Amino acid sequence: MSGTPAKADAASDIRSISETEFQRYFETIYREHIDSLVKFAFFRLSDKERSTDTVQDVFINYFAYLKRIREDSAPHALDFNHRAFLFRSLRNSIIDHYRSKKSYSLDSLFDQGFDTHSEEDITYQTETTLTHKYVLEQIKHLKPKQQELLYMRYIEDMTVQDIALALGERENTISVQLHRIIESLKKRM
């Protein structure tokens, strides 16, 4: 593994590379996924600082995990999807956060005045914005897992396979759930 790859090769044997190459390998994974993980964390936590901290913790744990594999002489299969693994870890961290702290629903945040839009943005006057706002209003009435599925699929543009890996479910289950969510939103509109 010479040089810094454009994308992290999930099937690479990290035990056979130098420490410098290992560091580059991890940095590549980090750069590939940091933005989408922070966005997802912010989507679920609604707190930028907490989102960044949670994602950093996930990467610290992931680095330690890769280090353990690197130092272990037993063969490990590294042909897994880093993105799905990281999203699953982040999702678990967020769940732990909500379990340890009083949870707030999206409904209660909107009732308290939370708004993701700037009042200075003049596009709120357009019909498109009103439709967008209506769709968001309908989405906030969905269950958190349904919101996560929509976010992963349509905001992060994750494949059904990646979502299934991240959530530990079968691809068919994810496809059916996404289809049902979309159909339910269509009926509401």
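This one's a predicted model, so the numbers in the text were calculated from it and none came from an experiment. Hydrogens, waters and symmetry mates are skipped; everything else that's a heavy atom, side chains included, is used.
Judged as a ring-ring contact (aromatic ring centres under 6.0 Å, His included), and not counting sequence neighbours, the contacts of F26 are F63. Scanning for side-chain contact (heavy atoms from CB on, under 4.5 Å) contacts around T173 gives E169, R170, Q177, with sequence neighbours left out. Every residue two or more places apart in sequence or in another chain that forms a side chain to side chain donor-acceptor pair (under 3.5 Å) with E148 is listed here: R44, R91. Remark: F87 engages F40 in a ring-ring contact (aromatic ring centres under 6.0 Å, His included) (not counting sequence neighbours). For K48, the side chain to side chain donor-acceptor pair (under 3.5 Å) test picks out no residue, with sequence neighbours left out.
The line from OG of S184 to NE2 of H179 is 11.0 Å long, rounded to the nearest 0.5 Å. Considering CZ of F85 and CG of D162, their distance stands at 14.5 Å, rounded to 0.5 Å. Separating the OG atom in S18 from the CD atom in Q23 is a distance of 9.5 Å, to the nearest 0.5 Å. To the nearest 0.5 Å, the span separating CG on L167 from CD1 on I174 amounts to 5.0 Å.
I17 and Y25 get closest at one heavy-atom pair: CD1-CB, 4.5 Å. Shortest non-hydrogen contact noted between R153 and T159 is NH1-CA, 4.4 Å. Nearest heavy-atom pair, L165 versus R88, reported as atom, atom and distance to 0.1 Å: O-NH1, 3.6 Å. Contact record, L37 with L90: O-CD2, 3.2 Å, taken as the closest heavy-atom pair.
Y65 and F59 end up in the same hydrophobic cluster when Ile, Leu, Val, Met, Phe, Trp and Tyr side chains are linked at under 4.5 Å. M152 and I182 fall within a single hydrophobic cluster, where Ile, Leu, Val, Met, Phe, Trp and Tyr are joined by side-chain heavy atoms under 4.5 Å apart, directly or via other members. Hydrophobic clustering of Ile, Leu, Val, Met, Phe, Trp and Tyr side chains at less than 4.5 Å, counting indirect connections, keeps L142 apart from V176.
No salt bridge links E19 with R24; every basic N to acidic carboxylate O contact stays at or beyond 4.0 Å. Salt bridge present: E156 and R83 bring a charged side-chain N and a carboxylate O closer than 4.0 Å.
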(message) Set out, in order, the CA-CA distance, both residues' side-chain angles and the distance that settles side-chain contact (heavy atoms from CB on, under 4.5 Å) for H82 and H33, then state yes or no.
(response) CA-CA 9 Å; H82 294 285; H33 305 292; 4.1 Å; yes
(request) Show the numbers, then the answer: is there a side-chain contact (heavy atoms from CB on, under 4.5 Å) between V55 and L86? (result) CA-CA 9 Å; V55 171; L86 288 165; over 6 Å; no
(message) One pair to check against side-chain contact (heavy atoms from CB on, under 4.5 Å): R99 and I95. What are the steps and the verdict?
(response) CA-CA 6 Å; R99 283 183 182 154; I95 289 169; 3.5 Å; yes
(request) Apply side-chain contact (heavy atoms from CB on, under 4.5 Å) to the pair I155 and L150, showing each step before the final yes or no. (result) CA-CA 7 Å; I155 305 297; L150 288 176; over 6 Å; no
(message) For a salt bridge (charged side-chain N to carboxylate O under 4.0 Å, His left out) check, start with the C-alpha distance between K186 and E183, then their side-chain angles and the critical distance, and finish with the verdict.
(response) CA-CA 5 Å; K186 283 180 184 177; E183 288 304 311; 3.6 Å; yes
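With Q146 contributing its side chain and K143 its backbone, the two residues share a donor-acceptor pair below 3.5 Å.
Listed by first and then second residue, the side-chain hydrogen bond (donor to acceptor under 3.5 Å, both in side chains) pairs involving residues 49-59 are Y30-Q56, R50-H97 (not counting sequence neighbours).
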